[in-house]
Protein chains: 2
Amino acid sequence: MRTYCYRGRMPRVVDHEERRWEIVYALWLVIAQHGIEGVSLRHVAAEAGVSMGRIQHYFGTKEALVLAGCTSLVQSAYGGYQETADAAPRERLLHVVSQQIPRDDAGRMGVSVWYAYVAKSINDSAVRQVLAEARRGAEEECVRLIRADRGAVGDGDGRSALEQARHLLALADGLTLRVLVGDLEPAEAVGMLEVEVGRL
Amino acid sequence: MRTYCYRGRMPRVVDHEERRWEIVYALWLVIAQHGIEGVSLRHVAAEAGVSMGRIQHYFGTKEALVLAGCTSLVQSAYGGYQETADAAPRERLLHVVSQQIPRDDAGRMGVSVWYAYVAKSINDSAVRQVLAEARRGAEEECVRLIRADRGAVGDGDGRSALEQARHLLALADGLTLRVLVGDLEPAEAVGMLEVEVGRL
DNA sequence: ACGATAACAATACGTTCGCATCGCAACCTG
DNA sequence: CAGGTTGCGATGCGAACGTATTGTTATCGT
């Protein structure tokens with residue numbers, strides 16, 4: 001049984017989280033299909049099958065909506081990583097660096113949206129902060145996983161764990177781009193990452 | 001002395017190429033400062049210090065202007081590469097992969113615009129074609145340079161020249177992104193690329 | 001039953017957009 | 001100088017935009 005802070009009067013109750021998520025998902029679809037320049041409250045509302053008023057009610061302004069879409073994207077990626085908690089370090093590492101390679105349409109959409117935000121981050125400091133924090137987190141996690149793997153198997157090839165982590169992540173980013181543009185097959189990209197992880 | 005195709009009548013003569021380039025440069029500035037969503041004929045016209053009518057006269061439509069900005073960007077990069085024609089293969093290779101790392105404000109602008117187009121290429125097939133062709137050209141050139149370098153020094157480390165080229169280019173893309181977002185120093189990125197090129 | 005309030009939907013408003021059009025000035029040829 | 005042509009600035013239009021505001025409905029303590 002939930003308790004409400006305001007005593008006495010209780011208004012209509014809905015699942016706010018669910019509502020927000022529906023809107024954010026529609027936002028992602030619009031970004032993936034028409035790019036960030038194609039985002040408008042009307043478009044998103046139509047895609048979600050809701051009214052503009054609802055979006056305004058939950059996010060206030062368009063800028064806030066777009067930013068919320070960014071943080072949601074980061075968190076959903078992090079959620080996917082946490083599901084690998086009971087795997088070996090090397091497996092988890094491979095997941096971190098190859099998770100973003102688009103394998104199906106859903107993954108394709110995710111990466112499209114991701115790169116839309118990357119481009120936006122150049123001129124939008126709020127988005128930039130979110131992405132920078134996510135990247136820092138991924139790098140630190142990679143360093144941890146590489147160290148854990150070294151402890152289990154042996155030491156590295158002379159480079160520091162940080163250098164190796166940066167190398168892997170940068171390579172993954174570049175390969176993702178290639179797959180996204182369409183002149184590299186997902187399997188090839190994943191294969192190259194497997195080789196690189198295997199070399200540790 | 002120039003000759004004109006239409007005989008008899010000669011209209012007012014201006015340097016079309018120069019005019020087009022002024023407008024394209026202003027377009028780049030707008031993209032770098034406000035992103036591609038911030039591009040409008042009025043904005044670009046104001047940045048270039050010309051009228052909207054002029055832009056329409058030279059490019060017709062906004063979409064054509066944006067696409068022209070993309071091809072110009074590719075060609076300017078290619079022009080920069082051609083200036084290294086009389087350098088050693090290894091030097092040229094390093095130039096190809098590290099040229100895009102932003103070192104100063106001008107480079108920063110170039111890369112910002114580049115990534116804006118990359119994001120746009122996801123939903124714009126015309127831009128995608130231009131970028132895909134550029135990337136294919138870069139890859140082929142890298143393969144050539146790697147083979148030339150092998151011929152001069154010895155053979156590779158077991159991977160094919162194509163694999164090595166892809167690895168280098170993907171790594172460069174990823175590192176560029178990191179520098180652009182701001183959590184990696186240009187010198188560090190270039191250093192990593194030098195190490196990687198040196199390993200060939 | 002009632003009144004207060006959250007959760008919206010609907011609408012209205014002012015701005016900005018891309019683009020079409022018009023008109024004039026610059027320019028060359030005859 | 002007359003006539004024709006290009007270059008392009010100025011203006012206007014309809015559509016689409018983000019946001020503020022207003023109106024309606026559902027819900028629950030009293």
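As a basis for the values below, the full set of heavy atoms in this structure was taken, side chains included, without hydrogen atoms, waters or symmetry mates. Chain letters run A, B, ... following the sequence lines, proteins first and then strands; every chain starts at 1.
Among residues at least two apart or in separate chains, there is no ring pair (Phe, Tyr, Trp, His ring centres under 6.0 Å) pair with a member in residues 127-148 of chain A. Annotation: side chain to side chain donor-acceptor pair (under 3.5 Å) contacts involving residues 34-59 of chain A, sequence neighbours excluded, comprise A/E37-B/K120. Residue pairs meeting the ring pair (Phe, Tyr, Trp, His ring centres under 6.0 Å) criterion with at least one partner in residues 166-200 of chain A, sequence neighbours excluded, are A/H167-B/H167. For the side chain to side chain donor-acceptor pair (under 3.5 Å) condition, no pair includes a residue of residues 105-115 of chain A, sequence neighbours left out.
One donor-acceptor pair, N or O on each side, does fall under 3.5 Å between the base of D/dG18 and the side chain of A/R42.
Between B/M52 atom CE and C/dT16 atom P the separation is 14 Å, expressed in whole Å. The nearest whole Å value for the distance from the CZ atom in A/R20 to the C1' atom in C/dC8 is 15 Å. Remark: P of D/dG7 and CD1 of B/I23 are 12 Å apart, rounded to the nearest angstrom. One interatomic measurement links the two molecules: CG of A/L41 to P of C/dC13, which rounds to 19 Å at whole-angstrom precision. Taking atom NE2 of residue B/H16 and atom C1' of nucleotide D/dT6, one finds them 8 Å apart after rounding to whole Å. The CD atom of B/E18 sits 16 Å away from the P atom of D/dG7 (whole-angstrom rounding).
Within residues 53-62 of chain B, the residues that have a heavy atom under 4.0 Å from DNA chain D are, in order of number, B/G53, B/R54, B/H57, B/Y58. For DNA chain D, no neighbouring residue in residues 116-128 of chain A is found when judged by any heavy atom under 4.0 Å. Taking a 4.0 Å limit (strictly below) on heavy-atom distances, residues 30-38 of chain B does not reach DNA chain D anywhere.
B/E188 meets the salt bridge (Lys or Arg N to Asp or Glu O under 4.0 Å) test with A/R166; sequence neighbours excluded. With sequence neighbours excluded, the residues satisfying side-chain hydrogen bond (donor to acceptor under 3.5 Å, both in side chains) with B/R178 are A/E139, B/D183. In this structure B/Y81 satisfies the side-chain hydrogen bond (donor to acceptor under 3.5 Å, both in side chains) test together with B/R92, B/E141, sequence neighbours excluded. A search for side-chain hydrogen bond (donor to acceptor under 3.5 Å, both in side chains) contacts involving B/Q100 returns B/D173, not counting sequence neighbours.
Note on B/V44: nothing from the nucleic acid sits closer than 4.0 angstrom, heavy atoms only.
Summarising the hydrophobic clusters (Ile, Leu, Val, Met, Phe, Trp, Tyr; side-chain heavy atoms under 4.5 Å, direct or chained), the residues clustered with A/V143 are A/L162.
For C/dA10, the OP1/OP2 oxygens have no side-chain nitrogen or oxygen of A/S51 closer than 4.0 Å.
Checked against D/dG18, D/dG7, C/dA9, the side chain of B/R19 finds its nearest nucleotide in D/dG7.
Of the residues listed (B/V44, B/L27, B/V39), the one engaging B/K62 in a side chain to side chain contact (heavy atoms under 4.5 Å, CB included) is B/V39, and it is the only one.
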TODO: Starting from the C-alpha separation in whole Å, work towards a yes-or-no answer on side-chain hydrogen bond (donor to acceptor under 3.5 Å, both in side chains) for A/R147 and A/Q164.
DONE: CA-CA 10 Å; A/R147 292 223 172 98; A/Q164 289 180 321; over 6 Å; no
